[in-house]
Protein chains: 2
Amino acid sequence: MTVTLADVAARARVSPATVSRVLNGNYPVAAATRERVLRAVDELDYVPNGPASSLAAATSDLVGILVNDIADPFFGIMAGAAQGAIGESGAGRAGGEKLAVVCNTGGSPERELTYLTLLQRQRAAAVILTGGSLEDDAHLAAVTAKLARLAEAGTRVVLCGRPPLGADAEHVGAATLAFDNRAGARRLTEHLLSLGHRRIGYVAGPADRTTTRHRLEGHREALRVAGAAEGPTLHGPYDRASGYDATVELLRLDPALTAVVAANDTVALGVCAALRDRGLSIPGDVSVAGFDDLPFSVDAVPALTTVRLPLHEAGARAGRLALGAEAAPPGGLATIPAEVVVRGSTGRPPE
Amino acid sequence: MTVTLADVAARARVSPATVSRVLNGNYPVAAATRERVLRAVDELDYVPNGPASSLAAATSDLVGILVNDIADPFFGIMAGAAQGAIGESGAGRAGGEKLAVVCNTGGSPERELTYLTLLQRQRAAAVILTGGSLEDDAHLAAVTAKLARLAEAGTRVVLCGRPPLGADAEHVGAATLAFDNRAGARRLTEHLLSLGHRRIGYVAGPADRTTTRHRLEGHREALRVAGAAEGPTLHGPYDRASGYDATVELLRLDPALTAVVAANDTVALGVCAALRDRGLSIPGDVSVAGFDDLPFSVDAVPALTTVRLPLHEAGARAGRLALGAEAAPPGGLATIPAEVVVRGSTGRPPE
DNA sequence: CTGTTAGCGCCTTCAT
DNA sequence: ATGAAGGCGCTAACAG
């Protein structure tokens, strides 16, 4: 059978409680006994039973990181950074090590709730929700309720790249790192306007997501301030095909378009492909802008003008927040700035 | 306090044992009582205590998916597919739902082992290791030993896109889905040779990884069969910068290069960037080929010739294997074919 | 500083 | 088909 703590205790000629104490290091133990116990652990190749200690301690070392699409580097980068921050923490042998795991919801609200329940069932130490959320009152309420349960059971809740829960959810005490999508989008469009563009198409993300809405609002605000008319806008998923298809349609709606703003860089890639296939040059005929500044964006041809989000930093910070290794921002909310990166895909409109 | 099974039992006016039985569905229960219990569960918003049931049942519903780099779509796609396959399984209410979680090792052997231990500690139901492994005898032995422990404790082990453990590890009973990197690489180089290339540079992955070695061997085999000399070869990480830097160096080593083969598509992007920056046209002056056929590869300019690996299918299959929902391949090993995809980045060498 | 004593919440024979 | 009872392996008060 598997080795238990009692076996170690017997081998080291101490009580189980003592073994538990040296393993968890939360209690004074004589150096000599500690030594003896550690040796017994090694000799027996003992591995603690996680469920048993979670049960007894009423808490586990699981940290869940929820992402909308694990195949998308936008989430991969944040999740990787968070996991890194969490993994490093417990470097010191037994005890500290948390098990940071990422859960892929695929953007499905049901799966999001399912994972939250599963994590609740595991008595997770913390939960990090990344990326925008669905704007559906029922779902939002369900998630908030779930998070409240978790928080009340001692699970730390962190939102990363996600808007705050709302005033009625302060009791959840969620630490929030929100991306300033609105300002980023506004400045991006201002950049286009300053180049002289007045007919700008927009390929937005899915209609019911906060990220989509905030970026769109920023875009519209810039247009409004400049007194420019809003161009055609189409919604679709955050993928390449969406950008391609939408661009074809956008050009049909307004053949005189001089710029296209995409929901994110992946979509922008599709926009570029469609433009190229129609024989239009970038940015000679049409300028293109993305969002997120994912690693491949600099390698697009021409390199993509986009809005940089500090995904890695935000993820790492979320990880530390989840560990309680960093104090929550004032008011529980930090707004992460978004910075426009001008590259080759945007230029002056044709005469 | 949190609701326990006993609370549900009291509410439904049955014994705890009965509640357990309807929740796990592994035992006959009268329809009427089941109904009553289920209602009580709903009314009380009961969530089973995972650690407690794991402890009692000596097994958990955790499935760990280990990846080398979660920010890399190569792993993201496999992990997402596996997680999808596992998540779908338990659709039927309580019970079945497994918690599929991905663990990011960052390519570090220590973290790989740490995660395996953590998973062992959680009494994970299954473990999926994805991607190539480090070719270090000590590490390999350690991992094999760990997997043996896990297997012996009832954890299912699946390798996805990773070579088999070796003859001395048959007792682990790991189901293996190995990518045919060697054949894919060979055919890719054959394609280049058939176009007339004879001076081919190679930007390989990290020197001590199986994937790197297999791809390189396939490349060399094609060269040998054709009686062509091997061009300069450089090693580096699987990232864009490596491709860029290596290309600069490759051109210094052999300015007459007519083609560059990259370790994977991401590296190939860097290769293309370096070539462009040097004023060389692709494929006019130099042809470029990648590996993996990641989503962005079709959008490179020109679109990348590469080797397609059915990442999604393999990941999904690994997920089913981990659940025991699919029979292991004969001999425990399936070799996943790799197919060359010819696109615009390769052409005839200049005169 | 260390041992003793109770559970943590659930599953699982064993009876009924 | 259902109830009763013991124990899974560990932690957390209490004593000493």
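Residue numbers begin at 1 in each chain, while the letters A, B, ... track the order of the sequences.
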query: Using the C1' atoms of five pairs at each end, what's the angle between the two axes of the helix from C:dC1-D:dG16 to C:dT16-D:dA1, to 10 degrees?
result: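 The end-segment axes of the helix from C:dC1-D:dG16 to C:dT16-D:dA1 are tilted 30° relative to each other.
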
Side-chain H-bond candidate by donor/acceptor type, [X] with [Y], under 3.5 Å:
X: A:Ser108; Y: A:Thr105; result: no
X: B:Gln122; Y: A:Asn49; result: no
X: A:Tyr115; Y: B:Gln83; result: yes

Between [X] ([atom1]) and [N] ([atom2]), how many Å, whole number?
X: B:Leu55; N: C:dC11; atom1: CG; atom2: P; result: 11 Å
X: A:Asp61; N: D:dC10; atom1: CG; atom2: C1'; result: 13 Å
X: B:Arg36; N: D:dA1; atom1: CZ; atom2: C1'; result: 12 Å
X: B:Gln122; N: D:dG9; atom1: CD; atom2: P; result: 15 Å
X: A:Leu23; N: D:dG9; atom1: CG; atom2: P; result: 16 Å
X: B:Asn26; N: C:dT12; atom1: CG; atom2: C1'; result: 11 Å

query: Is B:Thr130 reaching over with its side chain to a backbone N or O of B:Leu66, donor-acceptor style, under 3.5 angstrom?
result: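 Here the side-chain-to-backbone pair exists.
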
- prompt: Are any side-chain N or O atoms of A:Arg36 and backbone N or O atoms of A:Ala12, one a donor and one an acceptor, separated by less than 3.5 Å?
  reply: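 Judged by distance alone, yes, a pair lies under 3.5 Å.
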
- prompt: Around B:His139, counting heavy atoms of other residues, nucleotides and ligands shown, do more than 12 lie under 6.0 Å from its NE2?
  reply: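 Yes, NE2 of B:His139 has more than 12 neighbouring heavy atoms, counting only those of other groups under 6.0 Å.
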
What distance do [X] atom [atom1] and [Y] atom [atom2] have between them, rounded to the nearest 0.5 Å?
X: B:Arg121; Y: A:Ser60; atom1: CZ; atom2: OG; result: 11.0 Å
X: B:Glu135; Y: B:Thr210; atom1: CD; atom2: OG1; result: 5.5 Å
X: A:Leu23; Y: A:Tyr46; atom1: CG; atom2: OH; result: 6.0 Å
X: A:Leu333; Y: A:Thr176; atom1: CG; atom2: OG1; result: 6.0 Å

Residue pair B:Arg162, B:Glu112: steps toward the salt bridge (charged side-chain N to carboxylate O under 4.0 Å, His left out) verdict: CA-CA 14 Å; B:Arg162 195 177 178 111; B:Glu112 180 166 280; 3.3 Å; yes

field: Options D:dT11, C:dC1, D:dT2, nucleotide nearest the side-chain atoms of A:Asn24
entry: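 The answer is D:dT11.
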
- request: Compare the minimum distances between each of D:dC10, D:dG9, C:dC11 and the side chain of B:Ser20, then state the nucleotide with the smallest one.
  value: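 Selected nucleotide (nearest to the side chain): C:dC11.
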
message: Suppose we screen for side chain to side chain contact (heavy atoms under 4.5 Å, CB included). Which residues come up paired with B:Glu43, at least two apart in sequence or across chains?
response: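 Listed in chain order: B:Arg11, B:Arg39.
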
- prompt: Any side-chain N or O of B:Thr33 less than 4.0 Å from the OP1 or OP2 oxygen of D:dT2?
  reply: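 Yes.
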
In a table with atom names and distances, give each donor-acceptor pair under 3.5 Å that connects a side chain of residues 140-152 of chain B to protein atoms at least two apart or in another chain.
| residue | atom | partner | partner atom | Å |
| --- | --- | --- | --- | --- |
| B:Thr144 | OG1 | B:Leu140 | O | 2.7 |
| B:Lys146 | NZ | B:Thr117 | OG1 | 3.3 |
| B:Lys146 | NZ | B:Gln120 | OE1 | 3.1 |
| B:Arg149 | NH1 | A:Asp45 | OD2 | 2.4 |
| B:Arg149 | NH2 | A:Asp45 | OD2 | 3.4 |

message: At 4.0 Å (heavy atoms only), tell me whether B:Ser54 reaches a base, stays on the sugar-phosphate, or touches nothing.
response: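 No contact.
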
Pairs under 3.5 Å (N/O, protein and nucleotides 3-5 of chain D):
| residue | atom | partner | partner atom | Å |
| --- | --- | --- | --- | --- |
| D:dG3 | OP2 | B:Ser15 | N | 2.8 |
| D:dG3 | OP2 | B:Ser15 | OG | 3.2 |
| D:dG3 | OP2 | B:Thr18 | OG1 | 2.8 |
| D:dG3 | N7 | B:Arg21 | NH2 | 2.7 |
| D:dG3 | O6 | B:Arg21 | NH1 | 3.4 |
| D:dG3 | O6 | B:Arg21 | NH2 | 3.3 |

task: Could you identify which residues of residues 4-11 of chain B place a heavy atom less than 4.0 Å from some atom of DNA chain C, listed by residue number, or say none?
output: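 Correct list: B:Thr4, B:Leu5.
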
field: Worked verdict on B:Val127 versus B:Val158 for side chain to side chain contact (heavy atoms under 4.5 Å, CB included)
entry: CA-CA 6 Å; B:Val127 173; B:Val158 179; over 6 Å; no

- request: May I ask you to list the residues of residues 45-52 of chain A, by number, that have any heavy atom positioned under 4.0 Å from an atom of DNA chain D?
  value: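 Going residue by residue through residues 45-52 of chain A, the ones with a heavy atom under 4.0 Å of DNA chain D turn out to be A:Tyr46, A:Pro48, A:Asn49, A:Ala52.
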
